[in-house]
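All values reported here derive from a predicted model rather than from experimental measurement.
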Protein chains: 2
Amino acid sequence: MTGTRGTTRIQKRNRATILEAALEVFAAHGFRGATVDQIAAAAGLSKPNLLYYFTSKEAMHAALLEGLLDTWLDPLRALDADGDPMQELLGYMHRKLEMSRDFPRESRLFANEILQGAPRILSALNDDLKPLVDDKVRIIEGWMDAGKIARVHPYHLIFSIWAHTQHYADFEVQARAVLGGEDPLDGAAQFLDHVYRRLLTP
Amino acid sequence: MTGTRGTTRIQKRNRATILEAALEVFAAHGFRGATVDQIAAAAGLSKPNLLYYFTSKEAMHAALLEGLLDTWLDPLRALDADGDPMQELLGYMHRKLEMSRDFPRESRLFANEILQGAPRILSALNDDLKPLVDDKVRIIEGWMDAGKIARVHPYHLIFSIWAHTQHYADFEVQARAVLGGEDPLDGAAQFLDHVYRRLLTP
DNA sequence: CGTGGGTTTGACCAGTTGGTCAAATTGATC
DNA sequence: GATCAATTTGACCAACTGGTCAAACCCACG
């Protein structure tokens with residue numbers, strides 16, 4: 001496709017188009033539920049053309065997952081040891097909540113992968129996710145030792161934030177049904193702000 | 001298969017065996033990711049034999065989902081307006097958490113269905129789930145009005161409990177990776193008890 | 001023990017799916 | 001505008017999938 005030179009303008013455009021379509025379809029139907037034909041239709045390209053840019057359906061899925069975990073963890077990386085503890089933790093929660101609103105398809109893609117046992121990103125969970133969380137937990141424990149925030153199990157605190165934000169993205173249909181059509185995320189920010197403020201106030 | 005008489009002993013046994021196998025496979029791979037052959041292998045029966053007891057793959061899935069929502073909501077139904085508010089709400093949370101431990105496959109089956117947009121149980125969410133939640137929310141609001149528990153958004157309080165318990169069941173792989181192999185549910189009960197006690201104490 | 005319904009299965013089928021390939025078309029560069 | 005690589009596609013294939021069916025098998029009951 002490209003001899004020894006870098007990527008073409010066309011390549012760049014088509015790769016992006018394909019990944020956008022693949023995200024849409026994988027998020028809606030899961031890996032096995034998605035078909036290359038569906039992705040091709042969503043991308044407005046022919047099936048053989050997709051397989052000219054990505055060697056397989058697997059490759060498209062892998063390309064999406066590759067960047068995802070990184071993006072997903074960016075808010076946690078931003079947790080600053082030198083900031084105000086309550087502000088930092090609430091800020092982290094709010095950023096994650098914004099991602100639930102802005103990237104629901106990415107959230108579902110991730111959820112699908114974890115639900116199947118994380119076969120394709122288990123190593124990344126151990127190699128990248130765990131060290132990062134361990135690092136941030138140490139910061140949080142420092143804040144607790146200093147009496148800046150109340151003492152709670154720091155790992156479960158993070159799980160709790162993940163649980164909430166993932167739930168509002170992935171289970172939106174259910175929450176919306178219960179609320180009679182109202183957008184669940186409308187009240188979520190205020191509720192969660194209150195929950196964690198109350199939990200962490202010393 | 002059975003003329004006019006009731007179900008045979010063999011039927012009862014095989015139906016149960018098949019549903020058990022189907023739950024295992026559907027929970028692990030989702031509806032489209034599961035194959036009838038896989039279920040047959042897991043059940044130790046031949047594929048045509050499965051289709052003798054269930055008219056289609058869809059029918060097996062439907063049979064599983066049918067009872068699931070009911071089972072899933074049993075703990076919420078048990079929420080007693082006449083009980084002690086804090087005890088009732090903490091008890092509900094703990095019962096849900098026990099279900100995460102005891103029925104992780106059912107939890108994943110449910111999660112898969114919701115993730116795909118709840119195509120097969122959306123009507124049940126509106127017809128059964130919503131009225132039940134509405135009813136219990138009224139009870140909770142009564143407790144808040146009476147000053148027995150702190151005032152929080154009651155719907156989001158329920159979402160919060162769902163989010164936590166669903167997370168510990170469906171994202172177990174991730175949480176376990178972060179904890180370095182330790183069972184996430186070990187510390188969950190104590191953490192959540194603390195969270196909701198602190199949140200709801202007036 | 002035979003008989004009739006309940007049960008099981010090997011062989012089979014049509015539709016779908018991921019992927020291939022040679023040929024055609026397009027685009028950039030001189 | 002000639003040339004060659006990059007791009008696109010129609011036709012095709014092998015494997016898989018859900019489902020069918022006639023024939024075989026088993027089991028209770030007389």
Side-chain angles (χ1 to χ4, degrees), chain A residues 1-65 109 112-113 116 119-120, chain B residues 1-65 112 116 119-120:
Chain A
M1 57 184 82
T2 164
T4 54
R5 287 327 146 71
T7 52
T8 313
R9 178 176 41 89
I10 296 180
Q11 273 179 45
K12 212 164 190 171
R13 172 172 53 82
N14 282 352
R15 278 181 192 276
T17 304
I18 292 168
L19 286 182
E20 160 67 24
L23 174 60
E24 187 74 25
V25 177
F26 282 137
H29 305 290
F31 179 75
R32 298 239 3 215
T35 73
V36 179
D37 281 297
Q38 279 178 307
I39 300 173
L45 298 171
S46 69
K47 181 170 67 166
N49 206 3
L50 294 215
L51 294 165
Y52 170 72
Y53 288 102
F54 293 89
T55 58
S56 66
K57 178 186 173 185
E58 274 273 346
M60 301 177 208
H61 193 251
L64 284 173
L65 281 183
L109 182 73
N112 261 307
E113 173 66 10
Q116 315 304 322
R120 304 155 215 271
Chain B
M1 59 184 80
T2 163
T4 53
R5 287 324 146 72
T7 52
T8 313
R9 179 177 42 89
I10 296 181
Q11 273 179 43
K12 211 163 191 173
R13 171 172 54 84
N14 282 351
R15 278 181 193 276
T17 304
I18 293 169
L19 286 181
E20 160 67 24
L23 173 60
E24 188 74 24
V25 177
F26 281 137
H29 304 290
F31 179 74
R32 297 232 11 208
T35 71
V36 179
D37 281 298
Q38 279 178 307
I39 301 174
L45 299 172
S46 70
K47 181 170 66 165
N49 205 3
L50 294 214
L51 295 164
Y52 170 72
Y53 288 102
F54 292 89
T55 59
S56 67
K57 180 186 171 185
E58 274 274 345
M60 300 176 208
H61 194 251
L64 284 174
L65 281 183
N112 262 308
Q116 315 303 322
R120 304 157 215 271

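The separation between B/His61 atom NE2 and D/dG18 atom C1' is 15 Å, rounded to whole Å. Atom C1' of nucleotide D/dT7 and atom NZ of A/Lys12 are separated by 18 Å, given to the nearest angstrom. Per the geometry, CG belonging to A/Leu51 stands 13 Å off C1' belonging to D/dT8, to the nearest Å. If you measure from atom CG of A/Asp37 to atom P of D/dC13, you get 17 Å, rounded to the nearest angstrom. Separating the CZ atom of B/Phe54 from the C1' atom of C/dT7 is a distance of 15 Å, rounded to the nearest angstrom. Separating the NE2 atom of A/His29 from the P atom of C/dT17 is a distance of 11 Å, rounded to the nearest angstrom. The distance from atom CE of B/Met60 to atom P of D/dT17 is 14 Å, rounded to the nearest whole Å. Rounded to a whole Å, the CZ atom of A/Arg13 is 13 Å from the C1' atom of D/dA6.
In this model, the phosphate group of D/dA6 is not approached by any side-chain N or O of A/Asn14 to a distance below 4.0 Å at OP1 or OP2. Residue A/Thr55 places none of its side-chain N or O atoms closer than 4.0 Å to OP1 or OP2 of C/dG19. OP1 or OP2 of C/dT7 sits under 4.0 Å from a side-chain N or O of B/Gln11.
Residue B/Arg120 holds its CZ atom at 7.5 Å from CG of B/Leu65, rounded to the nearest 0.5 Å. Taking CD1 of A/Ile18 as the start and CD1 of A/Ile39 as the end, the distance is 9.5 Å to the nearest 0.5 Å. In this structure, NZ in B/Lys12 is found 13.0 Å from OG1 in B/Thr17, a value given to the nearest 0.5 Å. One distance of note links OG1 of A/Thr35 with NZ of A/Lys47; it measures 8.0 Å at 0.5 Å rounding. For the atom pair CG (B/Asn14) and CZ (B/Arg9), the distance works out to 10.5 Å, reported to the nearest 0.5 Å. Note that CG of A/Leu50 is 11.5 Å distant from OG of A/Ser56, once rounded to the nearest 0.5 Å.
Over its full length, the helix from C/dC1-D/dG30 to C/dC30-D/dG1 turns its helical axis through 10°, comparing axes from the five pairs at each end and rounding to 10°.
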Protein N or O to nucleotides 9-13 of chain C N or O, pairs below 3.5 Å:
residue, atom, partner, partner atom, Å
C/dT9, OP2, B/Ser46, OG, 3.0

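Nearest to the side-chain atoms of A/Ile10 among the listed nucleotides C/dG27, D/dG19, C/dG19 stands C/dG27. Of the listed nucleotides (D/dT8, C/dG18, D/dG18), C/dG18 has the atom at the smallest distance from the side chain of A/Thr35.
Annotation: cation-pi pair B/Arg15/B/Phe54 present, NZ/CZ under 6.0 Å from the ring centroid and within 45° of its normal.
Within the 4.0 angstrom heavy-atom criterion, no nucleotide atom of any strand lies near B/Ala40. At the heavy-atom level, A/Arg32 lies under 4.0 Å from the strands shown only through sugar-phosphate atoms.
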Kindly determine whether B/Met60 and B/Leu51 satisfy side chain to side chain contact (heavy atoms under 4.5 Å, CB included), including the steps that lead there. CA-CA 9 Å; B/Met60 300 176 208; B/Leu51 295 164; 4.2 Å; yes
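The aromatic rings of B/His61 and B/Phe26 sit perpendicular, their planes meeting at an angle over 60°, well past the 30° parallel limit.
Residue order along DNA chain D, read from the 5' end via each residue's closest nucleotide, puts B/Lys57 first among B/Lys57 and B/Arg9.
Annotation: salt bridge (Lys or Arg N to Asp or Glu O under 4.0 Å) contacts of A/Arg13 (sequence neighbours excluded): none.
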